[in-house]
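Below, read A as the first sequence line, B as the second, and so on, with proteins coming before strands; counting in each chain starts at 1.
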Amino acid sequence: MAPSPERDATPDIPPVNEPASETAADGAGFRVSLGVFDGPFDLLLSLITKHQLDITEVSLSRVTDEFIAYLRQVGPDEELDEASEFLVVAVTLLDMKVAGLLPQGELVDAESVALLEARDLLFARLLQYRAFKEVSGWFAGRLQTEDRRHVRAVRLDEKYRRAVPELVWTLSAEDFAALALLAFAPKEIPHVGLDHLHAPLISIREQAAVVVALLRRAGTLNFRELIAGVHQPGVVVARFLSVLELYRHAAISFEQLEPLGELTLRWTAERWTEENLATLGADYDR
Amino acid sequence: MTADHSAPAFADVARRLEAILLVVDEPQSLVSLATAVAAPVPAVRQAVEGLVDDYDGRGTGPRRGFELREVGGGWRLYVREEHDELVSEFVNAQAPSRLSQAALETLAVIAYKQPVTRSQVASIRAVNVDSVVRTLLARGLITELFTDAETGAINYGTTDALLVNLGINSLDELPHISPLLEDGADGFESENVR
Amino acid sequence: MTADHSAPAFADVARRLEAILLVVDEPQSLVSLATAVAAPVPAVRQAVEGLVDDYDGRGTGPRRGFELREVGGGWRLYVREEHDELVSEFVNAQAPSRLSQAALETLAVIAYKQPVTRSQVASIRAVNVDSVVRTLLARGLITELFTDAETGAINYGTTDALLVNLGINSLDELPHISPLLEDGADGFESENVR
């Protein structure tokens, strides 16, 4: 989750929690070893701790500068959602800094109200984050203490075990295997259902799995056969894209005698592992 | 039923409790203990308190090598803390792997904010928490409480196993952080901050 | 080592013995107990005898609901016989005659993945499985196969009792679900598209 520690890391820079040594104006004065922070609030907290300052407007401008400086180190290929989380905080900080630099008119315009709200929100979230961070220390301590405790947990004596009512068993071996299938099915953490907003997403990888299974069994199929019985246009598209992807992986070859003619697909892969499937179509993931 | 002779009845309940406590493998509530020993809850409460004192050496006998603790919503026999090291050596216990700082913070947020969705936790921690939530689920420290009918988002909460792991009896025993939280409450409740 | 002060040392050994006895499954010989509490065998013998008397009510305290008994060359805590019926009823009431869905799925995972550790099962099922594993053990459907020398993790497997329930003679007769098992996840052989 944290940015990778290697890139741009300057290991000889003291950890951020250390009391502020004077690192002022010299642009590159504040560098952090990437990977230390688990999130923007973490970074913000560290910056504030470093300057031993309260979260006040006085400190704001400086903390903002350093936060932005940190953000510059986060390369463009950084995980998008991760970087964007930092960006949201950075933009808020910048707004607040700008507002602090500009002379305040008497008139309270909508923009500065919004800015105040943004600041309050940021501070509120920071305070909250700090509260949870602090209390997590209590959790760590308790968990560690309790880990060492020993509770009585011994096997039940045979004579009491015999008192247990006879097990009622109704599953056949086939039922049992079906249950196993269910149990082994990958348990993704379910995502917020957006089905009511969008058409259901179709996974190219899943469709590729179907294509692979069909082609490996048949050896040769034309595309029409490959989408036989499919009514969802999205699935057809996904199967077509997966055919292209499989071609890219040199797993299949195809023939088309004339433009718009029959597309014949042949399974040609000599080595094919499920790992290939796992990475297939990754370009379409975003 | 034979509640006329208070003293012998009490002793009797305590002895039967000792028998049950020797075989249980989960914390037992007073109600469940009362059912097990066929005695009214107040009598069982009194007997349990008596046993705690007894094992702690506040009765006629010595301070035992074990103790009766209320943890995770029920009562169970534990090795007294001062002997933990001895027992660890004897059973050659492996220290379970520690939770990461990220997992601890996420656990704390869920403990205080439950029922809470993953995206709410993520917005408090300002990072993605999916894999951490998975770890906590596999450890049995949190559980899926219910799915929001409107958004389909799963709400998470903590389990009794967490209480046991923390060595506390209820969520009320968590340290207070409400003053800090109230400060921050307005605004982020509106949840679409991104 | 500090055998000069006989009385406190004796009490000390007895308390440490209580700690050890609380966690052991199997009867422990005097030698093994002596090693555990780091005391000479004669001192341990004396302390054990003292505890027997103590629990039997021949000391200062009451006659406990449990007793310390020597069985098969070793010592262990047992429920006192007069409470057997109470305990049997309790155990009986706790154990439903059918396995829960969670227990069945866990059993299926163990059957196809054995030998397998609890944490492996937990990560496949994405929930904590400690209590269902206990249930399956108690039901005799699974057993501890061996302990990993490196990690200390216990590996579980199924028993003949499961085969009998399924009406098969050996694990080879379990229906094949191998594509799923080889890579653990992508079961695409089964061609069913969402």
Before giving the answer on side chain to side chain contact (heavy atoms under 4.5 Å, CB included), spell out for Val151(A) and Val164(B) the whole-Å C-alpha distance, their side-chain angles and the decisive distance to 0.1 Å. CA-CA 10 Å; Val151(A) 69; Val164(B) 171; over 6 Å; no
Taking only residues two or more places apart in sequence or in another chain, which ones pass salt bridge (Lys or Arg N to Asp or Glu O under 4.0 Å) with Arg152(A)? none
Looking at Leu77(B), Asp25(B), Leu21(B), Val23(B), which has the largest count of heavy-atom pairs under 4.5 Å with chain A? Leu77(B)
Write down the atom of Glu173(B), the atom of Trp138(A), and the distance for their closest heavy-atom approach. O-CZ2, 4.1 Å
Does Phe139(A) form a side chain to side chain contact (heavy atoms under 4.5 Å, CB included) with Glu105(B)? I'd like the steps, not just the answer. CA-CA 9 Å; Phe139(A) 275 75; Glu105(B) 286 174 24; over 6 Å; no
Between Arg149(A) and Val79(B), is there a donor-acceptor pair closer than 3.5 Å when you use the side chain of the first and the backbone of the second? yes
What part of Leu99(B) is in contact with chain A, defined as an atom under 4.5 angstrom from a non-hydrogen atom: side chain, backbone, both or neither? side chain
Can you tell me which of Leu104(B), Leu166(B), Leu162(B) forms the most heavy-atom pairs within a distance under 4.5 Å of chain A? Leu166(B)
Pair count under 4.5 Å, heavy atoms only, with chain A: among Ile168(B), Val24(B), Leu174(B), Thr147(B), highest is Leu174(B)
What do you reckon, is CD of Glu85(B) surrounded by more than 12 foreign heavy atoms closer than 6.0 Å? no
Does any heavy atom of chain B fall under 4.5 Å from the side chain of Leu156(A), the backbone, both, or neither of them? side chain
His150(A) (side chain) donor-acceptor with Asp84(B) (main chain) under 3.5 angstrom: yes
Could you go step by step and tell me if Phe132(A) and Lys113(B) meet the side chain to side chain contact (heavy atoms under 4.5 Å, CB included) rule? CA-CA 10 Å; Phe132(A) 285 120; Lys113(B) 283 283 187 186; 4.0 Å; yes
Quick one: list whatever passes salt bridge (Lys or Arg N to Asp or Glu O under 4.0 Å) with Glu146(A), sequence neighbours left out. Arg142(A), Arg69(B)
In terms of heavy-atom proximity below 4.5 Å to chain A, should Glu67(B) be classed as side chain, backbone, both, or neither? side chain
For Asp157(A), which residues count as a salt bridge (Lys or Arg N to Asp or Glu O under 4.0 Å) partner, sequence neighbours excluded? Arg76(C)
Do Ser136(A) and Leu107(B) touch side chain to side chain, with heavy atoms closer than 4.5 Å? no
Spatial distance of atom CD (Glu81(B)) from atom OG1 (Thr145(A)) [nearest 0.5 Å]: 7.0 Å
How about residues 55-64 of chain B versus chain A: which residues have heavy atoms under 4.5 Å apart? none
Chain A contact via Ala103(B) - side chain, backbone, both or neither, heavy atoms under 4.5 Å: neither
